[in-house]
Amino acid sequence: FLLVALVYFIPVLPSPVMQQVDNYFAELILLSLAVVLFASAALRSRDATSRNFWILLCGAFCCWLMAHLLGYGIRFETPWLFDFVKDVLLLGMNCLAVIAVDLRPGLIKSPLQTLRGRLAALSSVLLIVGVFGYTALVPALAGLQAYESPFEVYAILDAYIAIRYLAQARLSTSRAWRMTLALVGSGFAFITVADLMVVLYDSGIVTYEPGQPLNLLWFVFYVPLYLASRVTSGSPQVLPPAERGDWSNSLNLGPLLAYS
C-alpha cells in the first residue's frame, strides 16, 4: 500500500505527469493484494469457522476485482454495459461480505445461534438485493430512466455492512475475532466515505486533481483490511511440553492431560 501511495498520491513526479495518472490501475493493484492476503488467511486458518469467513471475504473482493478486469475493455466503448456488469459483481461482493459476518464468527456456536445467523444472512442479502433493485434495476426496466451506476446506493449498502461488522465485533467472545471484525468494519466505513466522495465529486461539490493528498482517502480503506487478514489466521499455537512428574501420584496426571 505504501509503495502504491508513493507512486500515485505523493507528488514525487512533476504535476503534468501526475495529472495523467489513472487511479483505476492503483485500485486494481490494491484489490489484487487484498485477494491474495485474504486467500492466504484462509489457507492459514486453524478452524473451519475462520476458513469459511476468509473464503467468503476473499470471494467478495474477487467480485470487485473481476469488475475491474472485465470492465477494462468495455468501460470506454459501452459505458452502460460496464456499469451493469460492475454493479452486478459489486452486488455479489456486498452479499458475500454480509454473509461472512452474519454467520457469526467468533461467537459460541449452538443450534439456535446457527439458525439465527443463517436467518440474519438471508435477511441481509434480501435487503441488499431489494435496495439495489428498487433504486437501479426497476426504474431502468420500467423505462423511467436510463441505467445509471448508483453510487448513493453503494454508500448505503457499505454503511450497512460496516454497521453489521462493528455490531458483531461487540458481541464476539473472542478478542482476536473482535479485533478482526472491528478492522474489517472500519475498512467498510472508509469505503462508505469513498462512495460519498464520488457522489460529492459528481455533484460538483468536491473538486480535485490527481496527485493531491485528497486522493489518499479513496484508497486508505485497504489498510485496516490488510491488517485484519493477520489477526485470526496466524500460525497454530504451540503448547509447552509437559514436564516430567511422579507417575505414581495420580494428581500429577492433571497437568499432563491438560497439555495433551
From [atom1] ([X]) to [atom2] ([Y]), nearest 0.5 Å:
{"X": "C95", "Y": "L90", "atom1": "SG", "atom2": "CG", "result": "11.0 Å"}
{"X": "Y160", "Y": "N94", "atom1": "OH", "atom2": "CG", "result": "11.0 Å"}
{"X": "F190", "Y": "D158", "atom1": "CZ", "atom2": "CG", "result": "13.5 Å"}
{"X": "L157", "Y": "L91", "atom1": "CG", "atom2": "CG", "result": "8.0 Å"}
{"X": "I161", "Y": "M93", "atom1": "CD1", "atom2": "CE", "result": "6.5 Å"}
{"X": "M179", "Y": "S172", "atom1": "CE", "atom2": "OG", "result": "11.0 Å"}

Taking all non-hydrogen atoms of both residues into account, name the closest pair between [X] and [Y] and its distance.
{"X": "C63", "Y": "L89", "value": "CB-O, 3.3 Å"}
{"X": "C58", "Y": "V35", "value": "SG-O, 3.7 Å"}
{"X": "S124", "Y": "D102", "value": "OG-OD2, 2.6 Å"}
{"X": "A182", "Y": "A169", "value": "N-CB, 3.8 Å"}
{"X": "A228", "Y": "V184", "value": "CB-CG2, 3.7 Å"}
{"X": "L37", "Y": "S229", "value": "CB-OG, 3.8 Å"}

Is there a chain of hydrophobic side chains (I, L, V, M, F, W, Y, each step under 4.5 Å between heavy atoms) that links [X] to [Y]?
{"X": "F61", "Y": "I29", "result": "yes"}
{"X": "L126", "Y": "L119", "result": "no"}
{"X": "L56", "Y": "V88", "result": "yes"}
{"X": "L2", "Y": "L28", "result": "yes"}
{"X": "L127", "Y": "F132", "result": "yes"}

Considering only heavy atoms from C-beta outward, does the side chain of [X] approach that of [Y] to under 4.5 Å?
{"X": "L103", "Y": "N52", "answer": "no"}
{"X": "F1", "Y": "L33", "answer": "no"}
{"X": "L30", "Y": "Y226", "answer": "yes"}
{"X": "L225", "Y": "F38", "answer": "yes"}
{"X": "L166", "Y": "L181", "answer": "no"}
{"X": "E27", "Y": "Y222", "answer": "yes"}

Verify whether the ring centers belonging to Y165 and F188 lie closer than 6.0 Å.
yes

Compute whether any side-chain donor of one residue and acceptor of the other, for S174 and R178, lie under 3.5 angstrom apart.
no

Between S50 and R46 (side chain of the first, backbone of the second, donor and acceptor by atom type, cut-off under 3.5 Å), is there such a pair?
no

With sequence neighbours excluded, give me every side chain to side chain donor-acceptor pair (under 3.5 Å) pair touching residues 181-195.
none

Would you check, one step at a time, whether the test side chain to side chain contact (heavy atoms under 4.5 Å, CB included) holds for W54 with R44?
CA-CA 10 Å; W54 290 114; R44 293 192 309 267; over 6 Å; no

